[in-house]
Number of protein chains: 2
Amino acid sequence: MKKGHQVTMKEIAKKLGVSVSTISRALKDSPELHPDTKKRIVEMAKEMNYQPNLLAQSLRISRTNTLGVIVPEITSHFFASCISGIQDYANKRGYNVMICQSNETLELEKANIRTLVSSQVDGLLISLSRETNKYDHLLDLYNREIPFLLFDRVNEDIPVSRVTFNDEGGAYQVTKHLLETGCKRVMYVSGPEDLYISKKRKEGYLHALAEFGITPDPELVKISDLTSEGNMKIANEIAFMKQRPDGVFCMIDPIALDLMFVWKPMGIKIPDDMALAGFTNNPASAVIEPPLTTVAQPGYEMGKLAVTHLLDQLEGQASDDPISIVLETTLLPRQSTKAL
Amino acid sequence: MKKGHQVTMKEIAKKLGVSVSTISRALKDSPELHPDTKKRIVEMAKEMNYQPNLLAQSLRISRTNTLGVIVPEITSHFFASCISGIQDYANKRGYNVMICQSNETLELEKANIRTLVSSQVDGLLISLSRETNKYDHLLDLYNREIPFLLFDRVNEDIPVSRVTFNDEGGAYQVTKHLLETGCKRVMYVSGPEDLYISKKRKEGYLHALAEFGITPDPELVKISDLTSEGNMKIANEIAFMKQRPDGVFCMIDPIALDLMFVWKPMGIKIPDDMALAGFTNNPASAVIEPPLTTVAQPGYEMGKLAVTHLLDQLEGQASDDPISIVLETTLLPRQSTKAL
DNA sequence: CTGTTAGCGCTTTCAA
DNA sequence: TTGAAAGCGCTAACAG
């Protein structure tokens, strides 16, 4: 299948017996042009259904008005929300967006960056893959002076702006909530230890324990690989502990959902036998039985702030110096934890 | 913030004292080139961290190797899955993807098409907005011979390929399941009547009724505007009907979830008082209490098939004649309907 | 095997 | 107020 022909300025020019530059000027509403010719041209352009070739234009002005976005996976509701916010606010300012997923691999993350850079995007918004533990590709971007920022899954050693949630604060709130509602032995089920959010949420967890004068018990921290199998293995380990926790804070909702899935048929009652809380507020967490106490992260808002800051930098409305934007989270107490 | 300089072929050429065309040839591994020069060039390109300018290349060869995708909303798990399938299989064949959302409006759908066409995408994959009831913009694409196809939310009057689910079959299966498990009065809660899927799923519903010798009762068809408020209004109407249905088939899962939400505090037991089934298999449907019987639609698979067919057409491996690809759905009986 | 040349569609000086 | 010409970075005849 071959693509049909697209009308060009040259063709309009020939039809009207004027030069291409005149067409160009008319179409961008240049003031130094006779109103009549301008009118004739604009009408003819509409009649011929002219649509500018953005490729040519971008090549000429060396700006594409396009931003690149890289997320670990698009099917996650949280990242989909971020993308939605990014797109809406990019469009509002006349920018398009190219989205790529890394599928949580470093290799694809690098490949995506290459593609987007080759496509001459004006800037990049990146959320790192779970696997990313080397940062050469980002430092390379930095050295080549390609504007970018990191959001949600960030690294603190790259000197660029980043947008994150107050993970520590959220984790502190939810742990405190568990303690306030009567839990004495609160467990933290974490993701892989080198993940930024694993660390931050653990800090919040420890902070709350400290505030309640509780000495952290290494028995009460579990590490999941974040697969369903891994989560379910941990569910069993907890169920068969000689001394079970009476409250469990999971780093992300899906862990909590998997725990519930294993515990329900075993007759473990939530929140009476164990209280349970998550983080992220997945759509499923609201409808599960009992509804899961969790921490809401406004993804759309994060996308909006991230893209707005990057565009402000690109357009000189914000300083090039890296800043850190921190969004607050909201505790959503539901029935999987006891009432105050 | 200004973007740093990108290395061009010209610069490599100057450094090596050869012509630009030689660089071009070396970098695309042309056979008619001395191995030594080729090697020198490739090495130098790597050393200088050269990355091709896709814009210039695309302008020259008048092909971008980029596809445009338009979906109603990216935060829907189903469409996110489609996008994921499209991206994976487009990338496999060396294509990039630009994604846009119409936010369910005709206006944005048109704007997205304009942008993508201006960006010179090689083809488009479109899923129509809920609002789209005029098709000039699509016919225009067709007349301008810009390759595109429709998926999931399609219209049958546009002479292009389309990829859909066997909606009728899925609806037939689920209605039959309700009837087989003992329901006598099965209701269909539809979306707006001009939606393709509203019609198709109603046909399946009616087909199953007919097979069981049941005369359709107009009382037993409700139309929702698909907002949560609309769904909840219908939930109340049903609850207060003089003669309630004993089984309800909802056009999409979210309707069923809203019905449950309203009914649960009213003490209506599912499936004993009323059996309930949906369509789409949203993630939440599996974890709600009771788990919702529904029809699974493999979105990833749909994306994969759609993009593969379009690329086959683009590259001449498939005929340009429009075809209709129909994917089968799978009934997932769960506890919201009675067991067989 | 390699260089010269033209041109993709557009914008933008510089002249007229 | 308009046109001519150069050039963005790249590819592809056509020469040599």
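Sequence lines set the chain letters: A, B, ... in the order given, protein chains first and strands last, and positions in each chain run from 1. The analysis underlying the following values was restricted to heavy atoms, covering all of them including side chains, and did not include hydrogens, waters or symmetry mates.
- At least one donor-acceptor pair closer than 3.5 Å links the side chain of B:Gln101 to the backbone N or O of B:Ile74.
- When the P atom of C:dG9 is taken as reference, atom CD of B:Gln120 falls 9 Å away, rounded to whole Å.
- Atom CD in B:Gln57 sits about 18 Å away from atom P in D:dC8, given to the nearest Å.
- B:Ile61 comes within contact range of the sugar-phosphate backbone alone, with a heavy-atom separation under 4.0 Å but no base atom that close.
- Taking the nucleotide of DNA chain C with the nearest heavy atom to each of A:Lys28 and B:Thr37, the more 5' of the two is matched to B:Thr37.
- Comparing B:Glu32 and B:Pro52 along DNA chain D, the residue whose closest nucleotide (by nearest heavy atom) sits nearer the 5' end is B:Pro52.
- Of the two residues contacting DNA chain C, namely B:Leu33 and A:Thr8, the nearest-nucleotide position lying further toward the 5' end is that of B:Leu33.
- Using a 4.0 Å cut-off between charged nitrogen and carboxylate oxygen, B:Glu109 and B:Lys134 do not count as a salt-bridge pair.
- Put simply, CG on B:Leu27 is 16 Å from P on D:dG9, counting in whole angstrom units.
- Protein atom NZ of B:Lys38 is 15 Å distant from nucleotide atom P of C:dG3, rounded to whole Å.
- Between A:His5 atom NE2 and C:dG9 atom C1' the separation is 11 Å, expressed in whole Å.
- In this model, the phosphate group of C:dG9 is not approached by any side-chain N or O of A:Tyr50 to a distance below 4.0 Å at OP1 or OP2.
- Here the C1' atom of nucleotide C:dC10 and the CD atom of A:Glu11 are 14 Å apart, to the nearest Å.
- In the set C:dC10, D:dG9, C:dG3, D:dG9 carries the atom at the smallest distance from any side-chain atom of B:Asn53.
- Judged by distance alone, the side chains of A:Ser19 and A:Thr22 do bring a donor and an acceptor atom under 3.5 Å apart.
- Note on A:Thr22: a side-chain N or O is less than 4.0 Å away from OP1 or OP2 of D:dG3.
- Contact annotation: side chain of A:Ser21 to base of D:dA4, donor-acceptor pair present below 3.5 Å.
- Looking at A:Arg93 and A:Asp312, a side-chain N of the basic residue comes within less than 4.0 Å of a carboxylate O on the acidic one, giving a salt bridge.
- Atom CZ of A:Arg63 is separated from atom C1' of D:dG9 by 18 Å (rounded to the nearest Å).
- If you take CZ of A:Arg25 and C1' of D:dT1, they are 8 Å apart, rounded to a whole angstrom.
- Note: A:Leu149 CG to A:Ser324 OG = 11.0 Å, rounded to the nearest 0.5 Å.
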